[in-house]
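I have placed the structure first, in the form of structure tokens, so that the comments after it can refer back to it.
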Amino acid sequence: MAKKKPTQKRQSQRHLKTGKSPGTVTYFGNRVGVRSIVNIMEYDKQDIKESAIDVYTPSNLQKMVAYKESPSISWINVIGISDEGFIENLGQAFALNPLSTEDAVNTHQRPKVDEYENYIFGSFKMLYINADNELVTEHLAIVLMENTVLVLQEMKEDVFNSVRERARASTGRIRAKKADYLFFALLDAIIDNYFLVLEYVNHKIDVLEEEVYDDPSNKTAHDIQELKKEILRIRRNIYPVKELISKLIDTEHHLISKDTKLFLRDTMDHCTEINESLNILREMSMSLMEMYMSNMSNKMNEVMKVLTIMASIFIPLTFIVGVYGMNFENIPELQYQNGYFYVWGLMIAIFIGLLFYFKRKKWI
Amino acid sequence: MAKKKPTQKRQSQRHLKTGKSPGTVTYFGNRVGVRSIVNIMEYDKQDIKESAIDVYTPSNLQKMVAYKESPSISWINVIGISDEGFIENLGQAFALNPLSTEDAVNTHQRPKVDEYENYIFGSFKMLYINADNELVTEHLAIVLMENTVLVLQEMKEDVFNSVRERARASTGRIRAKKADYLFFALLDAIIDNYFLVLEYVNHKIDVLEEEVYDDPSNKTAHDIQELKKEILRIRRNIYPVKELISKLIDTEHHLISKDTKLFLRDTMDHCTEINESLNILREMSMSLMEMYMSNMSNKMNEVMKVLTIMASIFIPLTFIVGVYGMNFENIPELQYQNGYFYVWGLMIAIFIGLLFYFKRKKWI
Amino acid sequence: MAKKKPTQKRQSQRHLKTGKSPGTVTYFGNRVGVRSIVNIMEYDKQDIKESAIDVYTPSNLQKMVAYKESPSISWINVIGISDEGFIENLGQAFALNPLSTEDAVNTHQRPKVDEYENYIFGSFKMLYINADNELVTEHLAIVLMENTVLVLQEMKEDVFNSVRERARASTGRIRAKKADYLFFALLDAIIDNYFLVLEYVNHKIDVLEEEVYDDPSNKTAHDIQELKKEILRIRRNIYPVKELISKLIDTEHHLISKDTKLFLRDTMDHCTEINESLNILREMSMSLMEMYMSNMSNKMNEVMKVLTIMASIFIPLTFIVGVYGMNFENIPELQYQNGYFYVWGLMIAIFIGLLFYFKRKKWI
Amino acid sequence: MAKKKPTQKRQSQRHLKTGKSPGTVTYFGNRVGVRSIVNIMEYDKQDIKESAIDVYTPSNLQKMVAYKESPSISWINVIGISDEGFIENLGQAFALNPLSTEDAVNTHQRPKVDEYENYIFGSFKMLYINADNELVTEHLAIVLMENTVLVLQEMKEDVFNSVRERARASTGRIRAKKADYLFFALLDAIIDNYFLVLEYVNHKIDVLEEEVYDDPSNKTAHDIQELKKEILRIRRNIYPVKELISKLIDTEHHLISKDTKLFLRDTMDHCTEINESLNILREMSMSLMEMYMSNMSNKMNEVMKVLTIMASIFIPLTFIVGVYGMNFENIPELQYQNGYFYVWGLMIAIFIGLLFYFKRKKWI
Amino acid sequence: MAKKKPTQKRQSQRHLKTGKSPGTVTYFGNRVGVRSIVNIMEYDKQDIKESAIDVYTPSNLQKMVAYKESPSISWINVIGISDEGFIENLGQAFALNPLSTEDAVNTHQRPKVDEYENYIFGSFKMLYINADNELVTEHLAIVLMENTVLVLQEMKEDVFNSVRERARASTGRIRAKKADYLFFALLDAIIDNYFLVLEYVNHKIDVLEEEVYDDPSNKTAHDIQELKKEILRIRRNIYPVKELISKLIDTEHHLISKDTKLFLRDTMDHCTEINESLNILREMSMSLMEMYMSNMSNKMNEVMKVLTIMASIFIPLTFIVGVYGMNFENIPELQYQNGYFYVWGLMIAIFIGLLFYFKRKKWI
């Protein structure tokens, strides 16, 4: 699976778009190799039917639009959005505003919700931890139409398996509700995964914290800074969502029922919790750096103490032995029978005295 | 009693919920061993009756609901919320919205107040210092209904003993008032305990401050950072309460009387004071770290001074004795009768001179 | 006079109140020994009459209430609020809401203004510098009633002497105005003293600043942190006042005339200035710590330079004399007639060379 | 091409204006040598005509105004705004308010949009990376009138080539729309270039980050500070744009159609993204400095360790050899046949012991 | 001319006012020696007449008021406001509210605008750089009345010379307009000078920045802190002005015409720019301190490197020569013919080896 470093890639392909007319469909992402597939799930209270459409067969686009017309609920899931031509046709077939189609594939787009007369367009980021325990950021567009939810995502992996399971179970609430409940369920699944992302970041902080205490190195400081940047990027993708949900709650658009708004209110509570957690994680990451600096300072202190103790003890002693190494003809002490031992006594006394001195200073 | 480290546990069980349908009752807490008990206090101006119900006897649920119907005020206190099946039944029996039942046991839920047609649902955190002098965070749900207050809490320990005492005293104001006053009294008791939590944190800061001055170690820095995190967690549980109380004051819900709102206004003043104190505690904890760093710096200075003084005095003296340890055939001074003593004189002069120099620099 | 350290005392007595019913009159302060005295000043345009009432004589309470009824303006000044029973009776006699009576003696209460039908209740903190040049924080309640202002304060000392003088002078504006002007005049006196408190803090900053430059010690850092905490405490007591004055200006309460509001507007300008100054003082106190750290760093640099210079000069020289202290049988230089003097020449050259080197580095 | 350091130049020429009457046309910029040229592009759905006018030929001003009168769309592009007299005449010819004319050449003007009855005046900064890979800030005024867009810019270089291309292509949307779409297209081109500026800054941060890790010097710190200042300057020019676009969306001015507002909404999303990125870049630049300081600290630690290890090992050994360099007549060890070798053994043991000690401390 | 250090003086004279009745005219400034002078400029479209009035001649006050009555525009300029009695009379003569008169001489007053029925009162601070290149802060009150602008300023120096020049020129816009335009012109002149003050601060920052890089000393840190305080003080005097101008634009007071508001809007743009610049200057001053600390750290590193290199090279060598200075009877090497030279060889090898080691570490 393709790995990515969102910010760098992101910034460096921006120029592809500069100068183009607004509404031009341009894919900036790095999941270019992904071939577009369309999975369709059509259901009502009684039945559910799942199928896939080969988008490279002409006339299939018309089949897709047919689903939109039928009275049962259709979840049309487009996987792979790098084929700009196909996406453009798709947008026209579903009568989307060109600006919506543009945003659907614009992986740089920050989360947004736009209301149009016949549909509600939402663009979000799925953040999840993949099988390799890496954080994946995947661009996603959800279009809520009458009886139909159109989802466009970059890759096969997504966070919607639980929604699919619940839809397949004939007793699930999804089956009894309209398209707006499906729309909500998808949003809810996306936001539920944000909690796991926060856990992932929290775990990283725990690991770094241990590293700071046990064996801080220059790399540790580097990792802390990288973590801070990662939190900034996550924040950028997650933070605006709360406001968008709130916008959906306040909307008077005919496609969102009062009943669904009650569920959305619950989702907004989750967003509030997530945003608070993000702020706490940010403060914790900043404390990490502070802690690192204080640890460095401690280490320096320890190094200095060793040096000072060694030097303070042996430099005076070396001076004393130097005195009796002088070659003066007349140094009375040198003739003493036990002069050598007296000097040793003196030196041991100094040694012990200094040890006591450092002990009292709590240096040893 | 079970001890807990809220954040870690909390985050690491979040995944239990991911992918479940909204409204699913899931308990994340770590008071799993606690068997559900229901204590009931039924009172009016004249009488008070206390009883306990064994929730594992069938049909008892109907008895509980009966209390709700009676015109006297009932305080139904559910202790232990880890039995998800029982809680779900309870919610249905009292006709609670599934989202409320879910929040009642969702220990991750941040404080909230939701108004429904027939009841007001509040979810809070009791924070208190237990017998072992530890800070306990306990999830709590309070449901205000007509003539009934339903309380769901995780453990037997709570902060409501004073409310119980006041209810038992026939002269207490509680006995003369409606359920909304009981609701207020419980909130007031919760918030009163927040003051004690602030005292507890304040005491911790005092202890750490002393440690910083007297004997700062790497552990001190660690403890300061832990304290900062603890304040963040406390803040998260306490900070939103003010806004919720304000919401209760502004509500037009029929269950809350104008009279009770006057008391709630008083409670909101307390919340304002608490939130201000929290901010001050936070600033104090940040100052602690600053102080710690400045102390480290001071200690380093002291260590360096000792080293510099020792080295600066004895290195030149050692040089001098080295000079007269040279084996040149012709060193005139060596033949002087008192050469040895002259050298001592010189060295003592240098010694005193350097002492004066360091004295003037205020290093000794 | 009793000295106090507000925060600690304050926090540690909070538990006295926990669990009590709201409206319970509880005094937390530490001016417990103060016996309640009541001074009364009754005046109109023509006359002024001052008297004192012994509150421990029964029936005197009725006399006090009588003042309230009379058409002339009465300033009833209660000194000493630790006698909870008396205060409770007083509150009932003047028909105050129990919550107001509670706040009147609650020294923890942050500044507040509550409007009731028949009176306006204000609780403030007098901050002033006493004769011993210490900052005193004194809790104060002012109740504005029809023709009467009731003041409750902790101690005999207060900031109202200038108001008394102006009231005694028959030409003063106070005499010609209603009770609301007296209410304003008292507020104005309190706020005027805040300026002196700011001066006091400013002076402390100046003193510490000098200390930081001249002779910074660990105690200096400690004092700076204490100052920062003191500013936080002052801020807590002063900051909310502006908003309260603004509330009084916007009120439609019949007890406050349009004319008085004009004066209150002037007072609010002072509050704005005070709050701005508080912010500036806070920034200055934070700069102090920064300056302290930079000074520590400078001192360390100086210490290191001395060490480095001494060691760098004498260690090489000691090596040289060590060379000629070796006992090899064949060291040609030792036989040179002037070898000793050549070595001295070499060492002096090295000495001068190193001095130049350090000079060029601007270390000496 | 002239290079510039905006802030310094800017501030130091401000005095040119002090004391002048408002509405006085004064150019502060440093593109003084640039001769004014006027390029005109006149188009409708069918045709497009491009021409240039020599502004130093009298009566040509009248020709320019004629374009304004014609029903086809005219884009009048004035290059070079240092000729204050010409600009003043131009302003009068197009019936601009003197304050607008003043702002058109006031390179100090922060971005603004002013609505007048017959035109909308916008002043922006073009920021782009020129051929020499330098960041250029160019002052720009855009005036939207009926059927005409008047653009005044400092230099020949601009960011509008893509707009020109799209206008020349007969199929472009621009050709089918009114002047307000051209106005939008120009704004869009300016804002699109802001993304490239962010990339440029991002790249600078990457380079500095590498420098901080690999080989930080005093210059690195200097460059980080310069970068921080550059971000401040960029921010100043870019940040207000979002609010201006929002103002254009909310306006009821007859010159801006509802259709164009839809496009402007898209542009505002870009502005939001840009402002968020600016904030992130700012935080990253601040982290850089933090990282730099932590690296310095690490380096110091490393230096101190080397010193401590060398000194701690050799100072005790030197003491030992000093002992046996004493000239006492009676030092028993000196007579031992293998005394010399025993001492070597002792010293090697001490040497190895200390190595182990430092190893255990993870210093080596 | 009197120099001043605003804050200190300011704070220390505040007590002069404490306890005085509101509306009492008290001058706190330190331009006490300045004798009050009144200059009058009376003009209409055709004529202009300038005169001075000796305010110490009785009855002249009536003459001044006469100007107010005449239909031509009068600019009454009072220089010197320390004569409290005169100012009080003046206030009464012009029917000013006592609170206005108080504010007119209250040099502590932060900038304000008050609207009364017959006049608009504004109090500002003139900040300008005087002939000695010092920043002067001068208190100023401007009263806009029907056909008259009354200006009260502390000293002869002011920032209005350009306004005077423009008024004298018969073609100036001022001559053709009402008093409100003069009022605006004065405000505009004050605010224009703020730009020069910003330049002055900017220059100070440049100078300090150079000092930080070239030769930072303890004094540099001190100067940076002083600069930070100076910016705080400037900010305090300048920052509120924007809001006041905005208040003047929104007012419905009959004395300010719609036409003048257009000019005021332009002035408000300048205020926005000034406030932004102030924020940038503040951030720059904070960066200075950061830079200073990083430079200190660098210097320390350099000092430590020299010490470490010297000690690490010569301490081992000294040990070696110490070895051969021992007096053991049996040290085989001492008898070698070339032992001495071998040792030199060894020592040179060690010397070179260590040099390489330090070279590789990039310490030399």
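So that the names make sense, note that chain A is the first sequence line, chain B the second, and so on, each numbered from 1.
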query: Do A:Ile331 and D:Asn327 have side chains that get closer than 4.5 Å, going by heavy atoms?
result: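 Of all side-chain heavy-atom pairs linking D:Asn327 with A:Ile331, none is under 4.5 Å.
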- request: Decide, yes or no, whether a salt bridge links A:Lys112 with D:Asp269 under the criterion of side-chain N to carboxylate O below 4.0 Å.
  value: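 Counted as a salt bridge, because a side-chain N and a carboxylate O are separated by less than 4.0 Å.
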Structural part of [X] lying under 4.5 Å from a heavy atom of chain A:
{"X": "D:Tyr200", "value": "neither"}
{"X": "D:Leu334", "value": "neither"}
{"X": "D:Phe314", "value": "neither"}
{"X": "D:Glu302", "value": "neither"}
{"X": "D:Phe160", "value": "neither"}
{"X": "D:Leu262", "value": "both"}
{"X": "D:Glu209", "value": "side chain"}
{"X": "D:Asp266", "value": "side chain"}

query: Who passes side-chain contact (heavy atoms from CB on, under 4.5 Å) against D:Ser297, sequence neighbours left out?
result: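 Once residues adjacent in sequence are excluded, the partners of D:Ser297 under the side-chain contact (heavy atoms from CB on, under 4.5 Å) criterion are A:Met293, A:Met296.
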- prompt: Do you know which of A:Leu99, A:Leu307, A:Val303 has the most heavy-atom pairs with chain D at a distance under 4.5 angstrom?
  reply: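 Going by pairs under 4.5 Å, I would pick A:Val303.
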- prompt: Highest number of heavy-atom pairs under 4.5 Å with chain D: which of A:Gln337, A:Lys299, A:Arg235, A:Met286?
  reply: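 The answer is A:Gln337.
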task: Could you tell me how the ring of D:Tyr324 sits relative to the ring of A:Tyr340: parallel (under 30°), tilted (30 to 60°) or perpendicular (over 60°)?
output: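 It falls in the tilted class, 30° to 60°.
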Within a reach of under 6.0 Å around [atom1] of [X], are more than 12 heavy atoms found that belong to other residues, nucleotides or ligands?
{"X": "A:Glu226", "atom1": "CD", "value": "yes"}
{"X": "D:Lys261", "atom1": "NZ", "value": "yes"}
{"X": "D:His203", "atom1": "NE2", "value": "no"}

field: Side-chain donor-acceptor contact under 3.5 Å, D:Tyr213 with A:Gln225
entry: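 Judged by distance alone, the side chains do not pair up.
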- prompt: Do A:Asn338 and D:Asn330 get their side chains close enough for a donor-acceptor pair, meaning under 3.5 Å?
  reply: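 Per modelled atom types, A:Asn338 and D:Asn330 side chains form no pair under 3.5 Å.
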